[in-house]
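Treat the numbers as computed from the prediction; the structure is a model and nothing was measured. We number each residue from 1, following the sequence as shown.
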Amino acid sequence: MTEKPIDAVAAAAAAAAAARPFARTSPRERGAALVAVAEALESAAPELIEIAMRETGLTETRLAGELRRTAWQLRLFADTIVDGGYLDVRIDAADPDYVIGPRPDLRRMLEPVGPVLNFAASNFPFAFSVAGGDSAAGLAAGCPVVVKAHSGHPELSRRTAEIVAAALEGAGMPEGTFQLISGQENGVALLKDERIRAGAFTGSTHVGRMLADIAASRPVPIPFYGELGSVNPVYATYADSALLEAFVTSVSGSAGQLCTKPGFLFVPEGSDLGAVTDAAGAVDEHRLLNPGIGRAFSQRRDDVLGADGVTVLSEGEVRTDDAGQTYATPTVVTVGVDTLMANREALLEESFGPLSVIVQYGDRGALPQLHVELFPGNLTSTLHARADELSDGSLAPLVDALAQTSGRVLFGGWPTGVSVTPAMQHGGPYPATTTDATSVGTAAITRFLRGVAYQGAPQELLPAPLRDDNPWNVPQQRSEAGRSHEWGSFAR
């Protein structure tokens, strides 16, 4: 990667040139390259964290943990692809006596879709930015990645991209495997370029939907995986001080600038909410990521505080310094269900910052329908209940409603803090995402793969994972001739 700025046309051309050579690298070669990137980022941690602190206002502790997470997810993807199971290799031997007619030799596997464009996020300058999960998943799948840098941390983006590109080159990956572009115009132009085969995005609903529409309206549409926004409702059958204090901690972490922040907490009517006021008052002010986010949060907070029927538990404070940076402490309000329903426009929109709404409900049995009506798509939904309430079946309808509308359903705990693990689902129905998939965990790699079947192909022309000698030594699911009559028992 050069320090000279790259435009969309040049980036697309380089990525397209790298696509087939990169796709043909073995899982072990690619896995070693991902580990090399992880090691390079860890070696540069002091430099990168210093830049990130200056550009984002996030704390050293938070950024150090995020960089560890970024390196870990690269290593996790390396382990996933070296195993080879992600290729989902299926081989059906030719069978002239197949029950529904002669079956040809069929061999299917997942192959890379081609160059991927990743729009980096602002709130996770490592884990969802240049070297973050979308980039890691694309590279693991064997797809060249072009990252559109976020304007909130340009210096960090450039330096991180230099480190990643150099590590990949040092590991023997093709030139053009990883590139960085900047500027909205370049990002849109590249999304429209026919050589880009998939897009990923983390950011606002407005921008994400605009980009998704561009991807869908191309002459040849492409998949676009946008994470847009979520209010992550939490339902509690009780409201003791420990629960309310933990709620404030989740709302105020990283100044509430997390896509999994609980925007709503439902508690029984008449709950003593004094612990919220005390806990919120003890939280120190925190700088928001950039002036644009600060202005949007200030306006959103004014809208909520000005809504009819709102009772303020913690008004919080918002101030802007001479450089235009905004600092805030938590704002928490409470309403009844009727007030929430009457003020949907003012209250239901996501508040990206340290603000949340506590809703006091009277009829627990009405919560499932209320949830489906108000929150059709979320990254997470959470339930806090006592052990006997969880075991007696009375909450099953609510849990079913949460599962229909959420990517992750939590029992206890809080949605902030997304573990990078094979079973994680970080996505959800629209409007949480444009396409219901996961951007965290090893399943994220499937977004950038497509199935290809080879029928009657000679061994010499098959991809390595589909050959009988299996030179990559990947798992192969085989169905031999003569076994077809063991299947379809339920249809007989």
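- The OH atom of Y98 lies 7.5 Å from the OG atom of S479; values are rounded to the nearest 0.5 Å.
- With hydrogens and angles disregarded, a donor-acceptor distance shorter than 3.5 Å links the side chain of E66 to the backbone of A127.
- L355 approaches R301 most closely through the heavy-atom pair CD1-CA, 3.6 Å.
- Scored by the ring pair (Phe, Tyr, Trp, His ring centres under 6.0 Å) test, Y235 finds F266, H371 as partners (sequence neighbours excluded).
- Inter-residue side-chain proximity for I51 and E47 is flagged as met; some heavy-atom pair is nearer than 4.5 Å.
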Inset, instruction - Evaluate the criterion side-chain contact (heavy atoms from CB on, under 4.5 Å) for residue pair H150 and E55; output intermediate values, then yes/no. - result: CA-CA 11 Å; H150 195 280; E55 288 193 314; over 6 Å; no
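- Side-chain contact, T380 with T260: no donor N or O sits under 3.5 Å from an acceptor N or O.
- Looking only at distances, no side-chain donor or acceptor of T435 sits under 3.5 Å from a matching main-chain atom of Y225.
- Around the CD atom of E39, the shell of radius 6.0 Å holds more than 12 heavy atoms that belong to other residues, nucleotides or ligands.
- Environment of CD in Q477: crowded, with over 12 heavy atoms of neighbouring residues, nucleotides or ligands closer than 6.0 Å.
- The heavy-atom pair separating G187 from L117 by the smallest distance is O-CD2, 3.7 Å.
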Inset, instruction - Step by step, work out the side-chain contact (heavy atoms from CB on, under 4.5 Å) result for T382 and L265. - result: CA-CA 9 Å; T382 302; L265 169 64; over 6 Å; no
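- Contact record, F224 with L211: CZ-CB, 3.5 Å, taken as the closest heavy-atom pair.
- Side chain of R30 to backbone of T25: a donor-acceptor contact under 3.5 angstrom is found.
- In terms of heavy atoms, L395 sits closest to A385 at CD1-CB, 3.5 Å.
- Judged purely by atom type and a 3.5 angstrom limit, N118 has no side-chain atom pairing as donor or acceptor with the backbone of V147.
- Rounded to the nearest 0.5 angstrom, I181 CD1 and S157 OG are separated by 11.5 Å.
- Salt bridge annotation for R159-E162: present, with a cationic side-chain nitrogen under 4.0 angstrom from a carboxylate oxygen.
- Looking only at distances, no side-chain donor or acceptor of N232 sits under 3.5 Å from a matching main-chain atom of G263.
- Two residues are said to be in side-chain contact when any heavy atoms from C-beta on lie closer than 4.5 Å; L390 and L383 meet this criterion.
- Atom CD1 of I81 and atom CG of L76 lie 11.0 Å apart (nearest 0.5 Å).
- Residues Q257 and I293 are in side-chain contact: their nearest non-hydrogen atoms beyond the backbone lie under 4.5 Å apart.
- Using cut-offs of 30° and 60° for the angle between ring planes, the F201 and F119 rings count as perpendicular.
- In this structure, Q404 places its CD atom where more than 12 heavy-atom neighbours from other residues, nucleotides or ligands lie under 6.0 Å away.
- The ring pair (Phe, Tyr, Trp, His ring centres under 6.0 Å) test applied to F264 returns F375, not counting sequence neighbours.
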Legend entry - From CA spacing to verdict: side-chain contact (heavy atoms from CB on, under 4.5 Å), H384, W414: CA-CA 9 Å; H384 285 268; W414 298 94; 3.6 Å; yes
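- Between E111 and M109, the closest side-chain pair of non-hydrogen atoms falls below 4.5 Å.
- A salt bridge does not link D92 to R108: none of the charged nitrogens lies less than 4.0 Å from a carboxylate oxygen.
- Looking only at side-chain heavy atoms (C-beta outward), C259 and S230 stay at 4.5 Å or farther from each other.
- Put simply, the side chain of N123 does not reach to within 4.5 Å of the side chain of L58, judged on heavy atoms.
- In terms of heavy atoms, S356 sits closest to P262 at OG-O, 2.8 Å.
- Note that OG of S439 and CG of L379 are 8.0 Å apart. Values are rounded to the nearest 0.5 Å.
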Inset, instruction - Begin from the C-alpha positions of T326 and R295 and carry the test side-chain contact (heavy atoms from CB on, under 4.5 Å) through to its verdict. - result: CA-CA 8 Å; T326 298; R295 289 190 295 271; 5.7 Å; no
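- Looking at R209 and D213, a side-chain N of the basic residue comes within less than 4.0 Å of a carboxylate O on the acidic one, giving a salt bridge.
- Annotation: cation-pi geometry satisfied between R62 and F124 (NZ/CZ under 6.0 angstrom from ring centroid, within 45° of ring axis).
- A donor-acceptor contact closer than 3.5 angstrom is absent between the side chains of Q476 and D468.
- Rounding to the nearest 0.5 Å places CD of E227 at 11.5 Å from OG of S204.
- Although no hydrogens or angles enter the test, the distance criterion places a donor-acceptor pair under 3.5 Å between the side chain of R287 and the main chain of L289.
- For the pair D436 and G428, the tightest heavy-atom approach, listed with the atom from each and the gap, is OD1-N, 3.2 Å.
- When the shell of 6.0 Å around CD of E50 is examined, it contains more than 12 heavy atoms from other residues, nucleotides or ligands.
- Two residues are said to be in side-chain contact when any heavy atoms from C-beta on lie closer than 4.5 Å; R447 and V116 fail this criterion.
- Within a 6.0 Å radius of CD in E155, other residues, nucleotides and ligands contribute more than 12 heavy atoms.
- To the nearest 0.5 Å, atom OG1 of residue T80 and atom OH of residue Y86 are 10.0 Å apart.
- Counting only distance, with no hydrogens or angles, the side chain of S250 and the backbone of F247 share no donor-acceptor pair below 3.5 Å.
- For T438 (side chain) and H426 (main-chain N/O), a donor-acceptor pair under 3.5 Å exists by modelled atom type.
- A donor-acceptor pair under 3.5 Å is formed between the side chain of Q179 and the backbone N or O of A11.
- At most 12 non-hydrogen atoms from other residues, nucleotides or ligands lie less than 6.0 angstrom from CD of E345.
- Enclosure of atom CZ in R24 by more than 12 non-hydrogen atoms of other residues, nucleotides or ligands within 6.0 angstrom is indicated.
- Taking the side chain as every heavy atom from C-beta outward, K261 and S351 approach each other to under 4.5 Å.
- Side-chain atoms of R195 do not come within 3.5 Å of backbone N or O of A16 as any donor-acceptor pair.
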